[in-house]
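Heavy atoms only: backbone and side chains are in, while hydrogens, waters and symmetry mates are out.
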Amino acid sequence: MTGLQTGSGATARRIQLGAQLRRLREARGVTREDAGYSIRASESKISRMELGRVGFKQRDVADLLTLYGVEDEQSRAALLGLVGGTNAPAWWHGYGDVIPGWFQTYLNLEDAANLVRSYEVQFVPGLLQTPEYVHAVMRAGSPSAPEEEITRRAAVRLRRQERYLAADTTARLELIVDETALRRPCGGPEVMRGQLARLAELSLRETISLRVLPLGMGALAADSGAFTVLCFPEPDLVDVVYVEQFTTALYLDKPSEVAEYAAALDRVSAAALSEEETRSLLAEILQEG
């Protein structure tokens, strides 16, 4: 299943349609201000549309196509046909009560990506966590939260895994985790044994590259902390760096910023164990327990 086949493929469609509208506007020499006037909107609304940050209305797109001189019925139909997909509700719509607004942006991007590259320091990467480990992490982070809330938040994380762990997936994971995360007793010995065994199993998949940064190498390899780089198959979607903070997150997409984090990831990768060495370490830690 690809990102465009999921509910959140609306993100990719919005960006694709927005980019095409931007190219048409620029080719016609129309300003954003004039484009906004034609659909009874502001210049900033046109900017948000072209960046794929808002949904689209059929009437607005039709009016813009007319303004941009797109008269061919086939071309108009193709672009108007994208509109419905830009407004499709995401699968996490029903979990809005337990998902902060700043994280919903990430969910959109993750579901549209075909490659997730990350460096994790404190915990096992979320897309590879077992249900028991997920629950333990959620509970540790919110010790006073009602059990129902913890269960619903855990359900979101487990649902995120489905696309990347499906047997027929084409989406790829390239994950590097600090060894300390594998040795941190999250949830107790049984939970950790189950988690480590799951990592060993998943590391054998062709679509998953799992590598460990050994103890003592973290400070030498990366001073940025944990981060994720999301890569997309569509040419109109630029790579995005995601850096999570305690109550918010940073989304970086300027080429210079993405390049800096890509270089940091390269440094971590150069210091990390190979995939085979990682599996040996997982077996070793399991035997120790």
Side-chain angles (χ1 to χ4, degrees), residues 106 110 113 115-143 145 147 150-169 171-222 224-230 242 244 264-265 267-289:
Y106 178 82
E110 185 182 76
L115 170 62
V116 174
R117 305 178 68 205
S118 75
Y119 170 53
E120 182 58 68
V121 181
Q122 289 187 304
F123 301 107
V124 168
L127 292 175
L128 302 185
Q129 293 176 3
T130 64
E132 295 79 12
Y133 188 95
V134 172
H135 190 277
V137 170
M138 298 288 185
R139 175 51 70 195
S142 303
E147 184 62 25
I150 295 295
T151 298
R152 285 175 58 74
R153 287 171 54 195
V156 172
R157 181 165 299 180
L158 295 173
R159 174 62 179 80
R160 285 170 50 205
Q161 297 179 0
E162 291 184 8
R163 173 170 171 254
Y164 286 91
L165 301 186
D168 61 346
T169 189
R172 181 170 174 79
L173 300 175
E174 294 181 1
L175 312 175
I176 300 177
V177 59
D178 196 280
E179 185 178 343
T180 55
L182 305 182
R183 296 185 178 278
R184 180 172 290 110
C186 184
E190 283 300 317
V191 170
M192 285 306 300
R193 275 195 290 271
Q195 179 63 77
L196 293 171
R198 180 63 168 157
L199 290 178
E201 173 193 343
L202 293 175
S203 71
L204 295 170
R205 296 195 180 188
E206 292 185 0
T207 56
I208 297 176
S209 172
L210 176 65
R211 300 171 62 201
V212 171
L213 187 68
L215 294 174
M217 296 299 294
L220 297 175
S224 58
F227 62 93
T228 297
V229 181
L230 299 156
Y242 171 77
E244 187 168 317
L265 200 54
R267 292 194 297 273
V268 175
S269 181
L273 301 177
S274 68
E275 294 178 22
E276 188 60 39
E277 290 171 333
T278 292
R279 282 189 281 272
S280 296
L281 178 61
L282 288 170
E284 179 184 319
I285 298 174
L286 274 168
Q287 289 180 345
E288 292 172 359

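Shown are Val212, Leu213, Leu215; of these, the side-chain contact (heavy atoms from CB on, under 4.5 Å) with Thr180 is made only by Leu215.
Without hydrogens or angle criteria, Arg160 side chain to Leu127 main chain gives no donor-acceptor distance under 3.5 Å. Arg157 places no side-chain N or O within donor-acceptor distance of the main-chain N or O of Met138, the cut-off being under 3.5 Å. In this structure, the side chain of Arg184 engages the main chain of Gln122 through a donor-acceptor pair within 3.5 Å. Between the side chain of Glu174 and the backbone N or O of Arg117 there is no donor-acceptor pair closer than 3.5 Å. With hydrogens and angles disregarded, a donor-acceptor distance shorter than 3.5 Å links the side chain of Arg139 to the backbone of Ser142. A donor-acceptor contact shorter than 3.5 Å links the side chain of Gln195 to the backbone of Thr130. The closest donor-acceptor contact from the side chain of Glu201 to the backbone of Leu196 lies at 3.5 Å or more, if one exists at all. Ser118 places no side-chain N or O within 3.5 Å of a backbone atom of Glu120 that could act as its donor or acceptor partner. A donor-acceptor pair is defined here as one N or O able to donate and one able to accept, closer than 3.5 Å; such a pair exists between the side chain of Arg211 and the backbone of Ser269. Side-chain N or O atoms of Glu277 include one that pairs as donor or acceptor with a backbone N or O of Ser274 at under 3.5 Å.
Side-chain atoms of Gln129 and His135 include no donor-acceptor pair closer than 3.5 Å.
Taking all atoms of both residues into account, the shortest heavy-atom contact from Ala171 to Thr207 is O-CB, 3.6 Å. Contact record, Cys186 with Val191: O-CG1, 3.5 Å, taken as the closest heavy-atom pair.
The side-chain heavy atoms of Glu110 and Tyr242, taken from C-beta on, include no pair separated by under 4.5 Å. Considering only heavy atoms from C-beta on, Ile176 stays 4.5 Å or farther from Leu210 through its side chain. Contact annotation: the side chain of Tyr133 never approaches that of Arg198 to less than 4.5 Å [non-hydrogen atoms, C-beta and beyond].
Separation of atoms CZ (Arg205) and OG1 (Thr169) is listed at 9.0 Å; rounding is to 0.5 Å. Once rounded to the nearest 0.5 Å, the distance linking CG of Leu282 with CG of Leu199 reads 6.0 Å. Distance check, rounded to the nearest 0.5 Å: CZ of Arg152 to CD1 of Ile150 gives 12.5 Å. Atoms CG and CG, from Leu173 and Leu165 in turn, are 7.0 Å apart once rounded to the nearest 0.5 Å. The CG atom of Leu175 lies 10.5 Å from the OH atom of Tyr164; values are rounded to the nearest 0.5 Å. The structure places OG1 of Thr228 at 8.5 Å from CD of Glu244, a figure rounded to the nearest 0.5 Å.
The aromatic rings of Tyr119 and Phe227 stand perpendicular to each other, their planes meeting at an angle above 60°, with 30° marking the opposite boundary.
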Full working for side-chain hydrogen bond (donor to acceptor under 3.5 Å, both in side chains) between Glu275 and Ser203 = CA-CA 8 Å; Glu275 294 178 22; Ser203 71; over 6 Å; no

